[in-house]
Amino acid sequence: MLDIKLIRESPKLVKANLAKRGSPEVLQMLDDLIAVDRQWRLNLTNLNDLRHQRKQVTIEIAKLKKAGNDAVSQMEKAKAIDAQISTIEKQVVEEEQKTRDYLMQLPNLLDDTVPLGKDSNDNVQIKTWGTIPQLSFPIKNHIDLSLGLDLIDMERAGKIAGSRFFYLKNQAALLDLALMSFAIEELTKKGYTPILPPYFMKREAYEGVTALADFGDVLYKVENEDLYLIATSEHPMAAMYMNEVLKEPDMPLKLAGLSTCFRKEAGAHGKDTRGIFRTHQFNKIEQFIFCKPEDSARLHEELLQNAEELLQKIELPYRVVNVCTGDIGTVAAKKYDIEAWMPAQNGYREIVSCSNCTDYQARRLNIRYREKDGAPTKGFPHTLNSTAIATGRTIVAILENNQQEDGTINIPNALRKYMLGIEKIDKKR
RNA sequence: GCCGGGAUGGCAGAGUGGUUAACGCGCGGGCCUUGAGAGCCCGUGGAUCAUCCGGUCCGCAUGGGUUCGAAUCCCAUUCCCGGCGCCA
């Protein structure tokens with residue numbers, strides 16, 4: 001959520017920034033917001049005047065009654081004012097609601113370093129790491145590889161749950177667990193607090209962390225309950241301190257969340273339909289930070305660095321892109337994606353997403369911070385999030401990058417200790 | 001799920017139908033001091049209007065209701081504590 005005061009004071013600045021997103025609807029919304037906010041403040045002043053008058057009448061009535069006098073005419077006056085109040089109150093409530101609706105829909109302000117662009121093709125590559133494997137034999141994709149090794153069963157998952165679900169079996173199941181243990185251990189060593197969050201959130205909390213469109217496109221809702229399945233542990237971590245005030249000595253607050261993630265993938269029809277690259281359910285370790293505004297740019301780089309280190313340790317070639325204005329999404333002010341090399345697709349595919357959300361989520365969630373106990377609040381902290389490891393896509397990358405001519409797969413050295421010392425996935429078990 | 005108790009500022013905690021959220025702690029500022037502390041004085045929820053002085057409204061978990069008037073009475077909801085039940 002943007003700061004309404006900033007919008008009032010510097011509408012031109014806000015407008016110029018939002019214009020970079022290339023959406024006429026957003027600019028229209030901003031204009032509408034400014035208009036309704038102006039009207040709201042006008043009506044609020046009127047309403048307060050009426051309430052003041054009403055109070056005076058109440059006082060008069062009390063005096064009259066105390067003195068044992070008749071207060072009929074005052075009572076009638078009170079009624080007349082009440083009628084006016086209720087009319088104008090309706091308008092004020094409506095205007096307030098509209099203001100809030102607009103504020104909840106407007107996207108975050110973009111950082112100056114975000115490249116201008118229309119879609120993901122305009123993302124700017126800022127580095128590459130690792131060597132793309134030169135395979136001297138026909139490359140298999142992760143689906144064919146796993147069929148030969150009995151690692152994934154899509155068919156039976158389809159039978160019981162539908163498309164985009166899967167059973168992980170044998171060494172693939174171990175590999176999923178290994179990736180989680182690996183990521184949690186590495187982040188914990190760096191001082192991140194390991195977190196296993198609730199997998200469900202109420203609407204009120206969820207609205208604080210994500211774009212409203214996600215309620216239709218991404219989130220599964222529990223029938224007859226005010227509960228949504230989480231799409232990432234970023235969400236319960238961000239909402240964890242809703243309506244609270246953090247203390248500066250506790251910041252930056254660094255968390256490492258581990259959860260299964262549930263996503264409807266609405267609108268992804270036809271994309272990545274086979275295999276486990278894009279699924280309704282996957283496991284992910286996520287980094288999350290609450291920090292002082294002045295620290296967020298630096299910590300954004302730290303999160304990226306951490307994510308890169310994990311990929312380097314498991315020896316996956318990747319590149320980093322600075323996500324452009326047309327591809328960045330509602331909540332982020334700046335976002336890096338890491339894309340791992342996927343041999344079967346002969347290209348880089350997103351495997352990590354690393355965002356600085358500035359104060360956008362904190363303002364929605366009403367999370368503030370203060371210097372110390374008793375001191376006045378200083379404002380809203382910044383929030384940042386980044387994938388550490390998303391197991392599904394990482395497994396795809398490991399299978400495809402580490403495949404051998406005989407159909408076996410080498411396990412990266414860093415993961416072996418987390419999966420019974422297995423060095424190589426060969427033969428069916 | 002049932003029964004009972006509870007929710008008031010950053011914290012602790014009064015107020016239990018009459019206009020002003022007591023007192024304290026913490027925090028900020030000032031006086032004093034070589035400095036710090038102690039002591040003393042002032043301030044310390046939010047929104048909005050006003051160039052300034054300042055004004056108005058809202059705020060006692062949330063949403064409704066009763067009343068001229070609600071932190072206070074009534075109803076519903078949420079969460080917390082205790083007891084019972086169910087349960088991996």
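Note that the coordinates shown come from a computational prediction; the quantities given were computed from them, not determined experimentally. Chain naming here is simple, since letters A, B, ... match the order of the sequence lines and numbering starts at 1 in each. Heavy atoms only: backbone and side chains are in, while hydrogens, waters and symmetry mates are out.
- Among the atoms of the strands shown, only primed sugar atoms or phosphate atoms (P, OP1, OP2) are found under 4.0 Å from some heavy atom of A/Lys372.
- Listed nucleotides: B/C57, B/G18, B/U19. Nearest to the side chain of A/Lys63: B/U19.
- At a threshold of 4.0 angstrom between heavy atoms, the contacts of A/Leu44 are confined to the sugar-phosphate backbone, with no base atom among them.
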Identify the pairs formed between an N or O of the protein and an N or O of nucleotides 6-16 of chain B at a distance under 3.5 Å, and give each distance.
residue: B/G10; atom: O4'; partner: A/Arg370; partner atom: NH2; Å: 2.8

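- Atom CD in A/Glu89 sits roughly 20 Å away from atom P in B/A47 (whole-Å rounding).
- Taking only side-chain atoms of A/His52, from C-beta outward, the nucleotide of B/C57, B/U48, B/U78 with the closest atom is B/C57.
- For B/C49, the OP1/OP2 oxygens have a side-chain nitrogen or oxygen of A/Arg41 closer than 4.0 Å.
- Counting any heavy atom pair closer than 4.0 Å across all strands shown, A/Thr58 reaches a base atom.
- Contact annotation for A/Lys77: no contact, since no heavy-atom pair falls under 4.0 Å across all strands.
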So which protein N/O to nucleotides 51-53 of chain B N/O distances come out below 3.5 Å?
none

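- Dashed line: the shortest gap from a side-chain N or O of A/Lys5 to OP1 or OP2 of B/A47 is under 4.0 Å.
- Atom-to-atom, CD of A/Glu96 to C1' of B/G46 comes out at 12 Å; the value is rounded to the nearest Å.
- If you check every strand for non-hydrogen atoms under 4.0 Å, A/Lys55 touches sugar and phosphate atoms only.
- A cation-pi arrangement is present between A/Arg393 and A/Phe277, with the terminal nitrogen or guanidinium carbon under 6.0 Å from the aromatic centre and inside a 45° cone about the axis.
- Summarising the geometry, the separation between CG on A/Asn43 and P on B/U48 is reported as 15 Å, rounded to the nearest angstrom.
- Note: CD (A/Glu371) to P (B/G29) measures 10 Å, nearest angstrom.
- Rounded to whole Å, atom C1' of B/U19 lies 13 Å from atom CZ of A/Arg54.
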